[in-house]
Amino acid sequence: MSASNMTSTHPAAFSLMGIPGLEHLHIGISIPFCSAYTLSLLGNCTLLFIIRSDAALHEPMYLFLAMLVAIDLVLSSTTVPKMLAIFWFRDREINFYACLVQMFFLHSFSIMESAVLLAMAFDRYMAICKPLHYTMVLTGHLITRIGMAAVLRAVTLMTPFLLKLFHYCRGPVIAHCYCEHMAVVRLACGDTCFNNIYGIAVAMFIVVLDLLFVILSYIFILRAVLQLASQEARYKAFGTCVSHIGAILAFYTPVAISSVMHCVARRAPPHVHILLANFYLLFPPMVNPIIYGVKTKQIREQVIGLFLRKDV
């Protein structure tokens, strides 16, 4: 990039490498990426349409699901279209401020998704452990406040726009498919210790704290289920949690795998870590509609009815 395109503090644009070491496979890699993104768009948009159009689904469980679906749509749409442009057209340049916006949406909406999964665990706790208080506690007003709190926490914790204060003297090339926080920080000069520690601390705080409360909720849920008189009642009560447990596993399992790989395989080729990071972005948005569509009776019936009406 020429000197005329540089300012005193940052380049006018960054260049995204894609997947370093696998440039010759970009076209092949784009096929599963595009397929996963297409499935996530179709599945999540269908879920949103069904929840919005059916008044019977305007209950706390499904309203939280609508939040989760909307977050998944933003997460995948923030990164995948640019990745496909890199793979197909070698369109690697991204404006500096567009890079910061992408980074902000990516990390803040990941934090929001964790908060919504925690809220859904609270919903299941109230439905099974405190059924008489369920409708009195989980009102529309409280659901709105929970959603606003999730957004406020994410925006407060993620402040990547501070990165523009750095002087970027290590070149404009980002060794990644998208503007990942740590990949951008590596290009900055000066003391980036705060950003490194802060990024790790936020990730650990969110994952550990939210997951701890989710596990605690399910300890109480399991105890309440085991106290039910009949096996059929126990099966039915716990069956309402299966979809949520699937969504939790879809979100946290890639995070755990990526964290373990960073610890035990630091010398692994960069493309291994980048592929794992992409898996984390693509997997939950793709499987969540399948999990809820298959396991939730009300949604399954609505999906079947939707396609039957089209056939008629």
State yes or no: do [X] and [Y] share one hydrophobic cluster built from I, L, V, M, F, W and Y residues joined by side-chain heavy-atom distances below 4.5 Å, directly or via other members?
X	Y	value
F87	M17	no
F283	V294	no
M103	V101	yes
I206	M182	no
I291	L42	no

Distance-minimising heavy-atom pair for [X] and [Y]:
X	Y	value
T79	Q102	CA-NE2, 4.0 Å
P285	N44	O-ND2, 3.0 Å
I274	A175	CD1-O, 3.4 Å
A247	L117	CB-CD2, 3.9 Å
D91	K82	O-NZ, 2.9 Å
V80	L282	CG2-CD2, 3.5 Å

With the side chain counted from C-beta on, respond yes when [X] and [Y] share a heavy-atom pair under 4.5 Å apart, and no when they do not.
X	Y	value
F64	I146	yes
V69	N288	no
L48	R52	no
F205	I111	no
T78	F109	no
I221	C241	yes
V214	M120	no
L276	P254	no

Under the 3.5 angstrom rule, does the side chain of [X] hit a backbone N or O of [Y] as a donor-acceptor pair?
X	Y	value
S76	L73	yes
E113	I71	no
E59	M61	no
R170	R186	yes
R92	I86	no
H10	F96	no
E232	S230	no
D54	I50	no

(message) Show, in sequence, the C-alpha distance, side-chain angles and deciding distance for F251 and D72, and conclude whether the side-chain contact (heavy atoms from CB on, under 4.5 Å) test is met.
(response) CA-CA 10 Å; F251 180 77; D72 280 341; over 6 Å; no
Tell me if the centroids of the rings in [X] and [Y] come within less than 6.0 Å of each other.
X	Y	result
F14	Y168	yes
Y218	H244	yes
F104	H181	no

(request) Take Q298 and Q302 through the test side-chain contact (heavy atoms from CB on, under 4.5 Å) and record every step on the way to the result. (result) CA-CA 6 Å; Q298 294 91 328; Q302 288 294 325; 5.7 Å; no
(request) Could you check Y37 against S77 for side chain to side chain donor-acceptor pair (under 3.5 Å), going step by step and ending with a plain yes or no? (result) CA-CA 8 Å; Y37 181 56; S77 297; 3.0 Å; yes
How many angstroms lie between atom [atom1] of [X] and atom [atom2] of [Y], to the nearest 0.5 angstrom?
X	Y	atom1	atom2	result
F33	C177	CZ	SG	6.0 Å
I299	E301	CD1	CD	11.0 Å
E23	I29	CD	CD1	9.0 Å
Y134	Y125	OH	OH	14.0 Å
I248	L118	CD1	CG	9.0 Å
I174	L187	CD1	CG	6.0 Å

Count the heavy atoms of every other residue, nucleotide or ligand shown that sit under 6.0 Å from [atom1] of [X], and state whether that count exceeds 12.
X	atom1	result
M204	CE	no
M136	CE	yes
F105	CZ	no
H24	NE2	yes
R145	CZ	no

(request) Evaluate the criterion side-chain contact (heavy atoms from CB on, under 4.5 Å) for residue pair S217 and F122; output intermediate values, then yes/no. (result) CA-CA 7 Å; S217 297; F122 175 67; 5.5 Å; no
(request) Please assess L65 against L57 for the test side-chain contact (heavy atoms from CB on, under 4.5 Å), listing each intermediate value before the final yes or no. (result) CA-CA 10 Å; L65 175 59; L57 298 180; over 6 Å; no
(message) What I want to check is whether the side chains of Y62 and T296 have a donor and an acceptor closer together than 3.5 Å.
(response) no
(message) Students often mix this up, so state it plainly: with edges at 30° and 60°, are the rings of H176 and Y178 parallel, tilted or perpendicular?
(response) tilted
